[in-house]
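Remember, it's 1-based here, ligands and their atoms both numbered in the order they're listed.
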Amino acid sequence: MLWRQAFSRQYAFEDIYVLFICLQIKMNPGFRHHDASASDKTLIKATGGGAYKFADLIKEKLGVVLDKEDEMDCLVTGANFLLKAVHQEAFTYVDGQKEFVQIDQNDLYPYLLVNIGSGVSMIKVDGDGKFERISGTSVGGGTFWGLGRLLTNCKSFDELLELSHQGNNRVIDMLVGDIYGGSEYSKIGLTSTNIASSFGKAISDNKELKDYKPEDVARSLLRMISNNIGQISYLNALRFGLKRIFFAGFFIRGHAYTMDTISVAVSFWSKGDAKAMFLRHEGFLGALGAFVSYENHGLGGLKTHQSVQQFAVSKTYAGKKICCLVNEDLNDNESIDFGVAFAA
Ligand SMILES: Nc1ncnc2c1ncn2[C@@H]1O[C@H](COP(=O)(O)OP(=O)(O)O)[C@@H](O)[C@H]1O
Ligand SMILES: CC(C)(COP(=O)(O)O)[C@@H](O)C(=O)NCCC(=O)O
């Protein structure tokens with residue numbers, strides 16, 4: 001709330017999370033900078049675009065030293081941390097069912113991390129601090145939100161997501177059956193309900209944008225983007241012989257239809273060989289990685305793992321992001337207690 005007044009944009013979770021950490025830092029002398037010249041200042045680790053965009057504002061409002069960490073480093077550190085430290089972190093999403101995957105820490109690498117933020121980064125992770133960004137696509141979360149806003153007049157991302165939940169993409173997408181008189185094209189592995197051309201029906205319907213329901217447009221858009229990301233991800237996994245693909249980033253937001261589309265895309269292109277995996281704490285890998293990096297900077301008195309156990313969960317409630325101070329036993333998914341919550 002406070003932060004929304006201070007900054008005039010909708011916050012992605014990492015921004016809020018960083019600010020939430022600020023509050024924790026303020027209350028925790030262990031975060032003080034070890035450098036004598038800055039010893040009276042609080043040090044905040046931040047990453048991603050927000051760390052650049054809001055650096056001056058954060059410094060000014062909070063009087064802190066802002067230390068920018070590399071985004072890819074942080075994403076990987078955050079993902080590795082979660083996959084190793086949180087018992088039920090990764091899950092598959094098939095036919096509407098979430099199934100947690102046991103991660104063998106000794107057999108975690110290599111894997112493909114797909115981070116879907118404004119754009120999409122695909123990172124081959126080989127170990128702690130060992131990774132290569134092998135691909136990416138500019139068709140990502142920003143595309144969904146940007147195009148969606150223009151096409152539906154939605155005022156918030158949550159509204160757009162909610163619309164997509166109610167819509168029917170078949171109204172706008174051209175299906176294989178639409179092309180082949182209701183039939184499948186089994187010779188090349190396509191059923192009649194496979195999408196032949198996203199938004200393809202719009203060319204022949206003689207309709208204008210106003211003739212389509214916003215919910216159908218939102219649904220087609222979400223499907224097009226999620227499907228494309230799933231496909232490119234799988235092809236890159238194939239390129240490097242990677243068996244596991246973890247999808248993260250604030251675009252996903254635990255949204256059933258998004259996860260379902262990505263899962264179907266990976267399964268379709270791999271002919272059932274590969275399964276998409278998602279992360280329970282998908283939206284704050286970068287922030288968590290930045291936070292963990294305190295450890296690498298020799299800050300006295302900070303016990304990262306203890307502290308992380310108190311920060312590790314966020315929720316969206318009634319369309320608002322809520323950052324929660326939680327006491328979570330990281331080895332036991334069932335024991336999550338909410339202590340303090342801040343609504344954004
Ligand atoms: N409440 C929200 N407001 C804006 N975008 C949101 C929201 N929830 C999820 N998103 C999605 O998250 C994307 C940004 O993700 P994020 O990981 O924060 O990337 P970035 O690092 O580029 O800010 C947006 O493009 C949008 O698709
Ligand atoms: C530039 C970025 C790493 C920034 O990360 P983001 O803020 O989108 O999370 C990302 O938007 C990206 O990987 N874009 C795709 C660029 C490309 O490979 O074509």
Is the ring pair Phe278/Phe91 parallel, tilted or perpendicular, if the boundaries are 30 and 60 degrees?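 The rings of Phe278 and Phe91 sit tilted, inter-plane angle from 30° to 60°.
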
Does the Lys NZ or Arg CZ of [X] fall within the cation-pi geometry relative to [Y] - under 6.0 Å from the ring centre and within 45° of the axis?
X	Y	answer
Lys124	Tyr111	no
Arg133	Phe131	no
Lys130	Tyr109	no

Can you list the atoms of ligand 1 that are under 4.0 Å from a heavy atom of Gly141?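 Listed by number with element, the hits are 25 (O), 26 (C), 27 (O).
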
Numbering the atoms of ligand 1 from 1, which are under 4.0 Å from a heavy atom of Gly142?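 By the 4.0 Å cutoff, the relevant atoms are 25 (O).
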
Side chains of residues 222-229: which donor-acceptor pairs under 3.5 Å do they make with residues two or more places apart or in other chains?
from   : atom 1 : to     : atom 2 : distance (Å)
Ser226 : OG     : Leu222 : O      : 2.8

Tell me, please: is Gly49 in heavy-atom contact with ligand 1, that is, under 4.0 Å? no

Where on Phe251 is there a heavy atom closer than 4.0 Å to ligand 1, on the side chain, on the backbone, on both, or on neither?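 The answer is both, backbone and side chain.
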
Using heavy atoms and a threshold below 4.0 Å, how should the contact between Phe250 and ligand 1 be classified: side chain, backbone, both, or neither?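 Phe250 to ligand 1: contacts from backbone and side chain alike.
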
To atom 19 (O) of ligand 1, the nearest of Gly286, Gly146, Gly117 on a heavy-atom basis is Gly117

Ion pair check, Asp273 and Lys243, cut-off under 4.0 Å: no

Out of Asp216, Asp173, Asp178, which one pairs with Lys201 under the salt bridge (charged side-chain N to carboxylate O under 4.0 Å, His left out) rule?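 Running salt bridge (charged side-chain N to carboxylate O under 4.0 Å, His left out) over Asp216, Asp173, Asp178 with Lys201 returns exactly one hit, Asp178.
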
Put together the list of close N/O pairs, under 3.5 Å, between ligand 2 and the protein, could you?
from     : atom 1 : to     : atom 2 : distance (Å)
ligand 2 : 5 (O)  : Glu71  : OE2    : 3.2
ligand 2 : 8 (O)  : Ser118 : N      : 3.1
ligand 2 : 8 (O)  : Gly119 : N      : 2.9
ligand 2 : 9 (O)  : Glu71  : OE2    : 3.2
ligand 2 : 11 (O) : Gly119 : N      : 3.3
ligand 2 : 13 (O) : Val120 : O      : 3.3
ligand 2 : 13 (O) : Ser121 : OG     : 2.8
ligand 2 : 13 (O) : Arg133 : NH2    : 2.7
ligand 2 : 18 (O) : Arg133 : NH2    : 2.8

